[in-house]
Enquirer: 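Have a look at this one before I ask anything.
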There are 2 protein chains.
Amino acid sequence: MAGKPQRPFRFQLDLASGVPVYRQIIDQVRGGLALGTLRVGDQLPTVRQAAVELAINPNTVVRAYRELDLLGAIETHQGTGTFVSAQKVERGGAERQRQLDLMTGEFLARAGAAGFQVEEIIGRLEKIAKRKSI
Amino acid sequence: MAGKPQRPFRFQLDLASGVPVYRQIIDQVRGGLALGTLRVGDQLPTVRQAAVELAINPNTVVRAYRELDLLGAIETHQGTGTFVSAQKVERGGAERQRQLDLMTGEFLARAGAAGFQVEEIIGRLEKIAKRKSI
DNA sequence: AATAGTGTACTAGTTTACTGATACAGTCAA
DNA sequence: TTGACTGTATCAGTAAACTAGTACACTATT
């Protein structure tokens, strides 16, 4: 196991939020990846562990892990467990650009409708980028 | 009517995209607002016009307009029509900043999980901003 | 080889989401 | 007032989404 032994990642459910359980799991893994709480090689809770801990059906955990696996964020190994993958997501330039276009376009429409201008959004992102490079 | 008379906003459907029709309508209105294609006071196609033009049921248009109305993006007047609202979303600076933080943070987590870096996202947004100012 | 633990696959049941049909109520102009 | 046009409301049908139950297949350890 490439990752260091450490406290296992914990999921938390907000049943009042209306967000499907499997989606909450996905979002939490993604958040952990983006924030560095999860690192390459880290092991995620097993399907059964998570199911017991969250009092849900194992197949719901499977659903989340499967989607994360398809995204290339994690790797699942039958008999072994589920691990944060190397994140070497090699994607063709055109396909990748298209996805970026899609995500930014969608975000812009949403932020625009909430009254924000592109310029202030960029400003905010640049501030985050500065903080990140410290 | 506060807006200038001009060509009515047109919706376009992409039935192959898998995105629900009503959502496409919402997204297109929001996109129009963000890009300035739609301005305060502009009238949107009536429920029946849009339904006929898009070959869909009027209630599907109603669904979209209702959600946009709830968002405060438009105002619907029974017997009159549907208009882009004043968008005078008065929000305190701190509250507004907090929402911007929330939206950008969420977007970053998602984009980060998909493998994009802040810098390329900013680049993309700047390109859009340039196009807009032409 | 046996056992315990791992994820996978498949089916079924329930809930939610989406769209359509249609009647009702309001507005505006003639 | 009437008629045409406007959005609103309600119900119904269908598809999609979500979750659960359970057996199967693989891996690792003893």
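Each chain gets a letter, A, B and so on, in the order the sequences are listed, and its residues count up from 1.
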Enquirer: Could you tell me the separation between the CG atom of A/D69 and the NE2 atom of A/H77, rounded to the nearest 0.5 Å?
Expert: 8.5 Å

Enquirer: Hey, does the side chain of A/T60 come within less than 4.0 Å of D/dA20's phosphate (OP1/OP2), counting only N and O?
Expert: yes

Enquirer: Using atom CG of A/L68 as one end and atom P of C/dG7 as the other, report the distance to the nearest whole Å.
Expert: 13 Å

Enquirer: Could you state the OH-C1' distance from B/Y65 to D/dG7, rounded to the nearest angstrom?
Expert: 11 Å

Enquirer: Are any of the side-chain heavy atoms of B/L44 and B/F83 separated by less than 4.5 Å?
Expert: no

Enquirer: Check this one for me: any side-chain N or O of A/R63 less than 4.0 Å away from OP1 or OP2 of D/dT19?
Expert: no

Enquirer: When the distance from CD of A/E67 to C1' of D/dT19 is rounded to whole Å, what number comes out?
Expert: 15 Å

Enquirer: Is there a side chain to side chain contact (heavy atoms under 4.5 Å, CB included) between A/V29 and A/F11 once you walk through the steps?
Expert: CA-CA 8 Å; A/V29 171; A/F11 297 119; 3.7 Å; yes

Enquirer: Specify the separation, in whole Å, of atom CZ of A/F83 and atom P of C/dG5.
Expert: 16 Å

Enquirer: On the nucleotide D/dT6, are OP1 or OP2 found under 4.0 Å from the side-chain N or O atoms that B/T76 carries?
Expert: no

Enquirer: Strictly under 4.0 angstrom, non-hydrogen atoms only: write out the protein contact profile of nucleotides 9-16 of chain C, one letter per nucleotide from the 5' end, B, S or -.
Expert: BB------

Enquirer: Using a 4.0 Å heavy-atom cut-off to protein, can you give one letter per nucleotide of nucleotides 25-30 of chain C, 5' to 3': B if the base is in contact, S if only the sugar-phosphate is, - if neither?
Expert: BBBS--

Enquirer: Round to a whole Å and report the spacing from CG of A/L54 to P of D/dT19.
Expert: 12 Å

Enquirer: Are A/P45 and A/E53 side-chain neighbours, meaning at least one heavy-atom pair lies under 4.5 Å?
Expert: no

Enquirer: Flag the pair B/T76 / B/V47 as yes when at least one side-chain heavy-atom distance between them is below 4.5 Å, and no otherwise.
Expert: no

Enquirer: Taking A/I26 as the fixed residue, which of A/Q28, A/Q24, A/R23 is the one that meets the side chain to side chain contact (heavy atoms under 4.5 Å, CB included) rule?
Expert: A/R23

Enquirer: Looking at side-chain heavy atoms only, is the closest gap between A/V21 and A/R63 below 4.5 Å?
Expert: no

Enquirer: Can you tell me the distance, in whole Å, between the CG atom of A/D69 and the P atom of C/dT6?
Expert: 18 Å

Enquirer: Which whole-number value in Å describes the distance from A/E75 CD to C/dT8 C1'?
Expert: 17 Å

Enquirer: Tell me whether A/V61 is reachable from A/L15 by hopping between hydrophobic residues (I, L, V, M, F, W, Y) whose side-chain heavy atoms are closer than 4.5 Å.
Expert: yes

Enquirer: Compare all side-chain heavy atoms of B/T82 with those of B/T46 and state whether any distance is below 4.5 angstrom.
Expert: no

Enquirer: Are B/D42 and B/F9 close enough that some pair of their side-chain heavy atoms sits under 4.5 Å apart?
Expert: no

Enquirer: Which ones in residues 13-29 of chain A lie close to DNA chain D, meaning a heavy atom under 4.0 Å from one of its atoms?
Expert: A/P20, A/V21, A/Y22

Enquirer: Check whether any side-chain heavy atom of B/V19 sits under 4.5 Å from a side-chain heavy atom of B/D14, and report yes or no.
Expert: no

